[in-house]
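Structure first, commentary second.
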Amino acid sequence: MEELNDQYLQRRKKLDDLKAQQVEPYPNKFVSTFSSAKIRQQFGHLQQEAEDSTVVVLAGRIMTMRLMGKACFATLKDASGRIQIYVRKDKIGETEYTIFKTLDMGDIIGVEGNVFCTRTGELTIMAQKVTLLSKALRPLPEKWHGLKDIETRYRQRYVDLIANDEVADIFRLRSKAIKTMRRILDEKEFLEVETPMMQPLAGGAAAKPFITHHNALDIDLYLRIAPELYLKRLIVGGMERVYEINRNFRNEGISTRHNPEFTMIELYQAYADYNQVMDLCRELITTVVKECTGKLEVEYQGNTIVFAGDWKRMTLLEAVKEYTGADFITPKTLAETRKIARDLQVPFEDQDSQYKIINTIFEELVEKKLVQPTFICDYPTELSPLAKNAKNNPDIVERFELFIGAQELANAYSELNDPLEQRKRMEQQLTQRERGDEEAQMLDEDYIRALEHGMPPCGGLGIGIDRLIMVITNSASIRDVILFPQMRPEGK
RNA sequence: GGGCCGUUAGCUCAAUGGUAGAGCAGAUCCCUCUUAAGGAUAAGGUUGGAGGUUCGAGUCCUCUACGGCCCA
């Protein structure tokens, strides 16, 4: 345990004193009848110096105290907000007041009393009774500046939530966004399902997995990098419309946009193609933005993002041409492609194919410019082993990615349902894997067996929930929208 | 992985290479309409860690831990 400071010791002493006076510092339960928000709602009409005789019971954490001899104003914080209480010696009694005076900021108390409005117009509870519900042994951060230290905010999110009211707002919004998505999909008769997080093969995306071990079976298992292949097995099974909202795990770097575990919604709709999925994607996001922010415009990191109206749609090659000037719509040789990449100062490997280089150019130079909602379509087949070919071009698949605020928010395609083609693609991935591409996909024989039973034509979509929440809460870092972001362990 | 920046009291922040300070919080006292309450008094530090340079290091150098930003 870390060294104990004076304030901790002081509070420990107060704890002992309370026990000596037969005051239970950690009682089992407390029944409250009001929240701070409910009090504001029900008594907010009270004029200055007006009073209501209704008795309210409320619990919360003491955030500030203004002690004046025989009376004290304090601010309580509960899940719904803050409210002032007024504790007077002549109202609660001498012994009780003596105990009250020993309480500290950070302590959790219950208050019983009636509501009035002060001379200065602040809605306040006149306490008739105060009950200690939990003694806090550690001091609160500074009451005015809150907790600023970013490292402490992430490592000790509980302190962050106590000290900085706006933090909980972000997570309330996050919850609302997810509920909204569930509601929309439920209305469309999608079935919410849960598929394995621990998989014998990590499929469905190009990413490095975490590996764990099952002792009884004595096998290694992967934490999933995507639920895709399982959800599509359900489409084979006839579920027709399914979605899953849960964590994926990717064993990669940590940045303002990447956390090793992150939340995705993935959905699959039988008999749909990527164009229908595109409409659904837009509906989901605009509805979430509208219901969470009340508007269809969002300020994000200095830009105004407009969700109303049609969203820009362009092919990958069109986007590369528009934002870099490099024209691959007119076919180029590999040598010409390499030269263009060098001229644009985009790095590539000798074994990279032409489309891989074009994709790198896109990632390096184009993504950062896609601030307004933009659908990028028609990806190269070799980079999309689970997507169905475009009708007239075997090099291209029916796929789109959605970019908002210069980051990828969604990925979707018309799902490949030809088992023979799927086997060929997975075998190509295996070859790339053997050549050292750790992110190439694995060959999943059971998945191909499932396709061999016949999967209806199907559209699939994945939306990165964390990044969507970043946009609607104007958060610069993914850590601001994840309650407990991954951190290196504290060295002691 | 590379570059830059940061780490000082519980919290928020100061401090030309020359005695480590302030505000809040905490302690004691005064105070029954305060709201960053107010007034008085006293206290609170191994400056992230380990080395080094120097008469003298929070400050300069090296290493290291953790974090932030940018790049890959």
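Throughout, protein chains are lettered first and strands after them, A, B, ... in sequence-line order, and every chain is numbered starting at 1.
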- Query: Knowing that exactly one of Leu409(A), Thr263(A), Asp480(A) qualifies, which makes a side-chain contact (heavy atoms from CB on, under 4.5 Å) with Asp466(A)?
  - Reply: Thr263(A)
- Task: Among residues two or more places apart or on two chains, list those pairs meeting ring pair (Phe, Tyr, Trp, His ring centres under 6.0 Å) that have a residue in residues 353-384 of chain A.
- Result: Trp311(A)-Phe375(A), Phe362(A)-Phe403(A), Phe375(A)-Phe400(A)
- Message: When both hydrogen-bonding distances must be under 3.5 Å and the geometry is Watson-Crick or G-U wobble, what is C31(B) paired with, if anything?
- Response: none
- Going by number, which of residues 101-116 of chain A have a non-hydrogen atom under 4.0 Å from RNA chain B? Met105(A), Phe116(A)
- If we call it a pair only when both distances are under 3.5 Å in a Watson-Crick or G-U wobble match, what pairs with G1(B)? C71(B)
- Message: Please report the distance separating the C1' of U47(B) from the corresponding atom of A42(B), rounded so that it comes out in whole Å.
- Response: 24 Å
- When you match Thr64(A) and Tyr154(A) each to their closest nucleotide on RNA chain B, which lands nearer the 5' end? Thr64(A)
- Whole-Å distance separating the CD atom of Gln156(A) from the P atom of G10(B): 13 Å
- Message: Any residue in residues 80-88 of chain A with a heavy atom nearer than 4.0 angstrom to RNA chain B? Just list them by number, or reply none.
- Response: Gln84(A), Tyr86(A), Arg88(A)
- Side-chain touch Ile170(A)/Val481(A), heavy atoms, less than 4.5 angstrom: yes
- Sticking with atom C1', work out how far A9(B) lies from A43(B), rounded to a whole angstrom. 12 Å
- Item | P atoms of C55(B) and A27(B), separation to the nearest Å | 47 Å
- Any donor-acceptor pair under 3.5 Å joining the side chain of Thr118(A) to the base of U34(B)? yes
- Message: If I take atom CG in residue Asp6(A) and atom C1' in nucleotide C11(B), what distance separates them, rounded to the nearest angstrom?
- Response: 15 Å
- Task: Have a look at Lys13(A) and say if it touches a base, only the backbone sugar-phosphate, or nothing, with a 4.0 Å heavy-atom cut-off.
- Result: nothing
- Item | Sugar-phosphate, base or nothing in reach of Arg155(A), heavy atoms under 4.0 Å | sugar-phosphate
- Query: How is Thr152(A) classified with respect to the nucleic acid when contacts are heavy atoms under 4.0 Å: base, sugar-phosphate, or nothing?
  - Reply: nothing
- Query: Can you find a side-chain donor-acceptor pair between Glu261(A) and Asn248(A) that sits under 3.5 Å?
  - Reply: no
- Message: Please report the distance, rounded to the nearest Å, between CG in Asn5(A) and P in A43(B).
- Response: 19 Å
- Item | Sugar-phosphate only, base, or nothing, as touched by Asp90(A) at under 4.0 Å among non-hydrogen atoms | base
- Note on the structure: Applying the 3.5 Å cut-off to both distances, the Watson-Crick or G-U partner of U16(B) turns out to be none
- Can you tell me if the side-chain N/O atoms of Arg488(A) get under 4.0 Å from OP1 or OP2 in C66(B)? yes
- Provide, to the nearest angstrom, the distance between the CE atom belonging to Met487(A) and the C1' atom belonging to G67(B). 7 Å
- Message: Can you identify which nucleotide, out of G10(B), C33(B), G68(B), has its nearest atom closest to the Pro139(A) side chain?
- Response: G10(B)
- Mate of G56(B) across any strand shown (Watson-Crick or G-U wobble, both atom pairs under 3.5 Å) is none
- Message: Using Watson-Crick or G-U wobble geometry with both distances under 3.5 Å, which nucleotide pairs with A36(B)?
- Response: none
- Task: Taking the side chain as every heavy atom from C-beta outward, state whether Met314(A) and Val366(A) have any pair of such atoms under 4.5 Å apart.
- Result: no
- Query: Under 4.0 Å between a Lys/Arg side-chain N and an Asp/Glu carboxylate O for Asp104(A) and Lys135(A)?
  - Reply: yes
- Task: Measure from CD1 on Ile92(A) to C1' on U32(B) and round the result to the nearest Å.
- Result: 13 Å
- Identify whether NZ of Lys or CZ of Arg in Arg119(A) sits under 6.0 Å from the centre of the six-membered ring of Tyr86(A) and within 45° of that ring's axis. no
- Electrostatic pair Lys14(A)-Asp17(A), nearest N-O below 4.0 angstrom: no
- Item | Within 6.0 angstrom of Glu166(A) CD, more than 12 heavy atoms from elsewhere | yes
Using distance only, find each side-chain donor-acceptor pair of residues 324-333 of chain A under 3.5 Å and give its atom names and separation, not counting sequence neighbours.
unit_1	atom_1	unit_2	atom_2	d
Thr324(A)	OG1	Val320(A)	O	2.5
Thr324(A)	OG1	Ala326(A)	N	3.0
Asp327(A)	OD1	Ile329(A)	N	2.8
Asp327(A)	OD1	Thr330(A)	N	3.3
Asp327(A)	OD2	Thr330(A)	OG1	2.8
Lys332(A)	NZ	Asp327(A)	O	2.8
Lys332(A)	NZ	Thr330(A)	O	3.3
Thr333(A)	OG1	Glu336(A)	N	3.1
Thr333(A)	OG1	Glu336(A)	OE1	3.3

- Determine the Euclidean distance between corresponding P atoms of U28(B) and A65(B); express it in Å to zero decimal places. 44 Å
- For atom C1', what is the distance between A36(B) and A72(B), given to the nearest Å? 45 Å
Could you tabulate the donor-acceptor pairs under 3.5 Å formed by side-chain atoms of residues 122-129 of chain A, not counting sequence neighbours?
unit_1	atom_1	unit_2	atom_2	d
Thr124(A)	OG1	Gln84(A)	NE2	3.0
Thr124(A)	OG1	Glu122(A)	O	2.9
Gln128(A)	NE2	Asn114(A)	OD1	3.0

- Message: Base, sugar-phosphate or nothing for Gly146(A)? Non-hydrogen atoms, less than 4.0 Å.
- Response: sugar-phosphate
- Task: Could you work out the separation of U7(B) and C11(B) based on their P atoms and round it to a whole Å?
- Result: 14 Å
- Just call it for Glu364(A): base, sugar-phosphate, or nothing, with non-hydrogen atoms closer than 4.0 Å on any strand. sugar-phosphate
- Ionic contact status for Asp160(A) with Arg157(A), cut-off 4.0 Å: yes
- Closest to the side chain of Leu147(A), out of A25(B), C70(B), C11(B), is C11(B)
- Task: Using both distances under 3.5 Å as the test, list the Watson-Crick or G-U wobble partner of A50(B), or none.
- Result: U62(B)
- Query: Taking atom P of C13(B) as reference, at what distance in whole Å does atom CD of Glu142(A) sit?
  - Reply: 9 Å
- Task: Taking only the side-chain heavy atoms of Lys143(A) (C-beta and beyond), determine which of C66(B), A25(B), G26(B) contains the nearest atom.
- Result: A25(B)
- Query: What does Leu67(A) touch in the nucleic acid at a heavy-atom separation under 4.0 angstrom: a base, only the sugar-phosphate, or nothing?
  - Reply: base
- Message: Is it the case that the base of A27(B) and the side chain of Gln10(A) share a donor-acceptor contact (distance under 3.5 Å, atom types as modelled)?
- Response: no
- Task: Quote, to the nearest angstrom, the C1' distance that separates U41(B) from G26(B).
- Result: 14 Å
- Task: For Lys148(A), answer base if it contacts any base atom (sugar-phosphate contacts may also be present), sugar-phosphate if it contacts only those atoms, and nothing otherwise; contact means non-hydrogen atoms under 4.0 Å.
- Result: sugar-phosphate
- Between Ile254(A) and Arg66(A), which has a closest nucleotide on RNA chain B that is more 5'? Arg66(A)
- Query: Looking only at atom C1', what distance separates A15(B) and C29(B), rounded to whole Å?
  - Reply: 32 Å
- Of the nucleotides C31(B), U12(B), G10(B), which has the atom closest to the Met68(A) side chain? C31(B)
- Only counting residues at least two apart or in another chain, list the ones meeting salt bridge (charged side-chain N to carboxylate O under 4.0 Å, His left out) with Arg257(A). none
- Message: Could you identify the nucleotide paired to A9(B), looking across every strand shown and requiring Watson-Crick or G-U wobble geometry with both distances under 3.5 Å?
- Response: none
- From CG of Asp17(A) across to C1' of G26(B) the rounded distance in Å is 15 Å
